[in-house]
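Both counts, for ligands and for their atoms, begin at 1 and track the order of listing. Along the sequence shown, residues carry numbers from 1.
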Amino acid sequence: MKLSISAAFVLLCPLTVVADPPASARILDAVLHHVRNGSDREWSEFADTPQSSSYQLNFEAKANDSDTALRIVQHDVKQLWKIELNGTNLGRLYRDENAIVGFWPIPKSTLIDGQNTLHVSTTSKTSDDIRIGEVAIYARQETDVLSECRVTVVVQDESTHQPTPCRITILHDGRLMALGARSNDHMAVRPGVIYCKGTADFGLPAGSYEIIAGRGPEYSIDARLLTVTAGKPQTLQLSIKREVPTIGFAACDTHVHTLTHSGHGDSTVRERMLTLAGEGIEFPIATDHNVHINYEELARELGVRDFFTPVIGNEVTTKIGHFNVFPVASADVPIPNHKADNWKDIFASIYATADVKVAILNHPRDIHSNYRPFGPEHHLAATATNLDGWDLTANAMAIVNSGAQQTDMMQLVHDWMSQLNAGRRLTPVGCSDSHDVARHFVGQARTYIRCDDADVGKIDVDSAVNNFLAGRVTIGCGLFADIRVNGTTGPGDTVEKSKQYHVDVDVRGPSWMKADEIEIFVNGHSVRTFELQPAGRSKPGVKAMFEMQLPISASQDAFVVAVARGPGVRKLHWPIAKPYQPTSTDWTPTFMAVTGAVWIDADGDGKVTSAKQYATEICTAARYSSGRVFERLKDFDAAVAVHVAELLMTDSPDTFVSGVLRGSRKSSPVVRAAFENFYESWQQSQRARAGASVATGL
Ligand SMILES: [Zn+2]
Ligand SMILES: [Zn+2]
C-alpha cells in the first residue's frame, strides 16, 4: 500500500507560497500522514490502520540547475527510513522519535521538468508508526535557507550572572527545528538542540520559534518566543537558576557512551564533554563497550573539566549480559574478559581489573544477543533466583535506564527489592546509557551518590565509590527523593533496634516537572501511597514532605525504600523516551525517583538479616514440615513467606503442589498470597524454560 498524494493536490495549489516557512518555500504537502511499514500496531496512540506503508508524493516542478533544499516534518521515527527523489537517494529520516523539522539537500539536476516523485520508505521488518508530511522545497540550498537569520543566545546562571553550561532547545510549532550550525568546540548541535557552555550561535529560516534554556532536572528553564526576519541578527539573553537542592550528593551517570569509542549512536567524545556539562552531570563514568576511556584531557581542552570529575569505566559487553564496571586505574590496563560463557569467569575477570570495585548489572530485562538476564527462563522473579545456578556477584543493578526505558517502570524496582530480600546487597542505579547528543541524551536518569560535592571538579573518587557500594544513593529520572528513618539514618545505613521507626521522605523537582505521589515499601511490599496536594505538585525544589510510623515487627529485620512518581515531560526541551523494547502498545510516560534502601535491625542482633536467611532458619528449625513452618511464619512477612515457599518446593517438588500449596490456603492471607505469588512465578519460569529448550532443541 502506497500513499499517493495526488497530482490533483499539486494542480490545485501549484505554486503555494507562504510566509512561514520562509518566502522561498513551495509547500508540496501541507499536512501530516500516518505511515506504518508493518501490519502490527506499534503504539496505540496511532490509528489501527495507517494511511499507507510508505510515503509517496507526486508533484510538478522544473529541473534544478543548482543545489536546493527539501523540508520534511517527521514524528516518531524509530527504524531506518530512506528518502528518494526521482530514484536518487537524498538521505534518511532522523532515527528519532521526537518530532523534527528536517532539511535535506537536493543536489542539482535531481528535480526534473514535469512530474517528480518523492518516496520515503523503509525495508525494516519491525513495525514503525510514523507521521510524515508538511513537505516543502526551496529554490536555495539547504545551508542558505537555514542561515537566513543569525541568532546568538546567551544563557546565564541567575546567581552568578555568568554564562553557564546548558542545553538550548529551539522549537518550531513544538517540533525540534533544524539549525544553521555545526558542532564545534563550543557547541554540540542537533536539530533543535544545542549543548554549550553558555553561548550558542546559529542560523534559522525567517519565522517564529520557541527558545528554551535549561540544565538538567536541578535547574529552572527559561523560555522565550522569538520571531526572526531575514538578514537581521538577533541576540537573546536567557537565565536559569538552581531550583532543586542536592547538597551532599554528586549527580552521577554510570552509563555513558560515545560514537567515537562505541561505534554507534551519534555523539562524538568531544560533543559528550559539552553534553555532560550541559546536563549537570558531576561524576560521569565513561562506559564504552569493552574499552577504557579517560575524559580527563579532553575535558580540560574543551574547558569543562571544572564541571565534573570524570571516571574511567567500561561496559563489559558479553553475550550473557552487560556489566558496567569502574573505577579503572588507567585507560591502559587490560580490559576484562568479555568472551567468557559464564558469569563466574566474567566477574572474576572484572574484579581482577586494576582498581575496579563496582560491577553493575545493566538493563536486566532487555534482550541483547538473544539473552535477557531476568528473562523468566533464567530468573525466578518472586525470589530473584537464577535458574541456571549462576551467582550474580554484581554489587549494583540498573533499575532506571532513560535511554532504554521499560513499559512498566516499576518492574525493575520490584526486581531489585527481590534481590535485597534474597540477601544480595545491590546498589540501585539510574543511568542514561546515552550514545547520542539529543535523542536519548546523557544524564536523564542518574544516580545521586552521597559525598562531598562542594567542588564538583574535585570529587574524591574513592569516597564516592565507597558510598556508592554502601548503597548511599538516591536515583532519579526527573524527580529526586530523599529518605530518613528515625531522624538521621539514610540509604545504605542501618537503624538500630528501637521502639518505633519513623520515616520522613521528601520529593523534589524543578518547577517544570510535576510529582503526583510517593509510595513507601518495606521489604519490597507497598505499605502506603501518599498523594501530593495539587498546590505542591509543580512547586520548585521540595514539592512535598511525608512522614509515617513504619509497620515493622520486632521479629524481623527490614529495609525501607521510597518511590516518587509524576508525569513524564513530553515537551521537547527534556522529553522522556518511549520504551525501548516495549511489552505493550500503550505507554504512560512517567518520571520517578527511587531512594536507596535504609536498613533496620529490628531483631536487635547487631546485623541485618535477609528474608531468605530467615526463611532458611525457619525451614531448618521446622525440619521442612509445612505445618510447623506455617505456624512459625505467623511472625514474619510475605518476603520471608515467598522464600519459604521456594525452599519447600525445592525440598519436595512432588508434595508442594498436592499438599503444601493447599495447606498455605488455610494459613494467613499473607502466607497464602506469598505462596500463590511464588507458584505463579515458578510456573512462568517453567513454561519459559520448556519453551526455550524446545526452541534450542536441548
Ligand atoms: Zn548495554
Ligand atoms: Zn550501554
Side-chain angles (χ1 to χ4, degrees), residues 78 95 252-269 271-272 275-276 279 281 283-295 310-328 335-341 343 346-347 349-350 353 356 358-375 378-379 392 394-406 411-412 415-416 426-447 475 477 577-582:
K78 187 164 182 181
R95 283 185 90 171
C252 171
D253 190 341
T254 59
H255 200 153
V256 182
H257 292 276
T258 64
L259 168 66
T260 313
H261 300 294
S262 284
H264 58 280
D266 72 23
S267 178
T268 66
V269 66
E271 291 175 319
R272 179 56 76 218
T275 62
L276 288 167
E279 286 295 341
I281 288 296
F283 199 64
I285 319 291
T287 55
D288 285 300
H289 300 290
N290 300 322
V291 59
H292 297 145
I293 299 300
N294 190 352
Y295 294 157
V311 177
I312 304 172
N314 173 3
E315 180 167 19
V316 180
T317 308
T318 81
K319 288 210 164 84
I320 43 174
H322 297 183
F323 307 94
N324 274 6
V325 309
F326 65 92
V328 177
I335 57 165
N337 176 8
H338 55 94
K339 293 188 175 146
D341 61 359
W343 283 359
I346 288 170
F347 284 116
S349 175
I350 284 172
T353 304
V356 166
V358 174
I360 304 169
L361 171 65
N362 293 340
H363 40 68
R365 283 196 175 262
D366 292 349
I367 300 179
H368 291 280
S369 311
N370 216 12
Y371 182 84
R372 186 200 313 249
F374 286 1
H378 302 297
H379 177 82
L392 181 63
N395 42 36
M397 167 183 159
I399 63 175
V400 189
N401 180 324
S402 57
Q405 288 281 15
Q406 305 291 305
Q411 188 174 34
L412 286 169
D415 284 337
W416 166 60
L426 299 178
T427 295
V429 166
C431 63
S432 72
D433 204 350
S434 174
H435 290 260
D436 311 317
V437 169
R439 175 178 168 241
H440 297 149
F441 53 88
V442 81
Q444 186 171 45
R446 52 183 75 190
T447 305
I475 72 175
C477 181
K578 284 187 162 164
Y580 167 61
Q581 294 178 343

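His363 and His322 have perpendicular rings, their planes meeting at more than 60° on a 0 to 90° scale where under 30° would count as parallel.
For a distance bound of 2.8 Å, the N, O or S atoms of His289 include none lying that close to the Zn ion (ligand 1). Coordination check, Glu315 versus the Zn ion (ligand 1): passed, since an N/O/S atom of the residue sits under 2.8 Å.
Annotation: angle subtended at the Zn ion (ligand 1) by His363 NE2 and His322 ND1 is 100°, to 10°. Vertex the Zn ion (ligand 2); arms to His255 atom NE2 and Asp433 atom OD1; angle 80° (nearest 10°).
Here the two rings, on His289 and His435, have centers that are under 6.0 Å apart.
For the pair Asp266 and Arg439, the salt-bridge criterion is not met [side-chain N within less than 4.0 Å of a carboxylate O].
The Zn ion (ligand 2) lies closest to atom NE2 when only the N/O/S atoms of His257 are considered.
Looking at Gln406 and Asp366, their side chains do bring a donor and an acceptor atom within 3.5 Å of each other. Judged purely by distance below 3.5 Å, without hydrogens or angles, the side chains of Asn290 and His338 pair a donor atom with an acceptor atom.
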